[in-house]
Amino acid sequence: MRLVGPSGEQVGIVPLAKALELAQEYDLDLVEVAATARPPVCKLMDYGKFKYESAMKAREARKNQAHTVIKEMKLRPKIDPHDYDTKKGHVVRFLKQGDKVKITIMFRGREQSRPELGYRLLQRLAEDVADLGFVESNPKQDGRNMIMVLGPHKKKTEAMAEARQAQEARKAEAKANPGKSQNAAESEEPAEEPAEEPAEA
């Protein structure tokens, strides 16, 4: 077999017995790294450490991966202004996080004969969040519903990086001013009034 040393240096072609002897001498494992090569290639390494480092690299790669998520928001054509603002707030949050948003307008009964109401509402929502997202799929009727998809201007990876930076900044600020919130709470507490002494008869 061809043997590679612990620091990546080439030891050369050695018999199995000699390779095992060297592994014991270095207190390392003998690991086959290329079984199909002729002769097979083996390396002297700490296999436990190698497995741990590989797992950590895979975990780090997964952490930096961005999974595109499609969030859904359902509205009614005759939505109350307050409800509209609440729903719009959710859409804004999703777009800021780098997620796509599927907006569904649900028509009931006679509302189905007035699709323009839903279309106008979707157009209004698209205009309200134009700085954060764009219309990826134009409004289209699907049975009793009308559907539109909004895509974020910001990529998911950028949004995740920004969120991490903001979180680190908050942690740093909390570390820099550990007593800030406590002092504020103490200053808000009313001062205790001295207890009145009972009057003598």
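Counting from 1, the numbers follow the sequence of the chain as shown.
- Residues Ile103 and Met73 meet the side-chain proximity criterion, which asks for heavy atoms closer than 4.5 Å.
- Proximity of Leu3 to Leu30: side-chain heavy atoms (C-beta onward) are separated by under 4.5 Å at one or more points.
- Tyr84 places a side-chain heavy atom less than 4.5 Å from the side chain of Leu121.
- Residues Val149 and Ile70 fail the side-chain proximity criterion, which asks for heavy atoms closer than 4.5 Å.
- Here the closest non-hydrogen pair linking Glu32 and Cys42 is CA-SG, 3.8 Å.
- When all heavy atoms of Leu122 and Met148 are compared, the closest pair comes out as O-CE, 3.4 Å.
- Looking only at side-chain heavy atoms (C-beta outward), Leu22 and Leu44 come within less than 4.5 Å of each other.
- For the pair Arg124/Glu127, no side-chain contact is recorded, criterion being any heavy-atom separation below 4.5 Å from C-beta on.
- Residues Leu117 and Glu111 form no side-chain contact, since every pair of their non-hydrogen atoms from C-beta on lies 4.5 Å or further apart.
- Of the possible polar contacts, none joining the His90 side chain to the Glu72 backbone as a donor-acceptor pair under 3.5 Å is found.
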Is there a salt bridge (charged side-chain N to carboxylate O under 4.0 Å, His left out) between Glu116 and Arg114? Walk through the geometry before answering.
CA-CA 5 Å; Glu116 69 279 3; Arg114 304 280 310 277; 2.7 Å; yes
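- Residue Met1 holds its CE atom at 11.0 Å from CD1 of Ile13, rounded to the nearest 0.5 Å.
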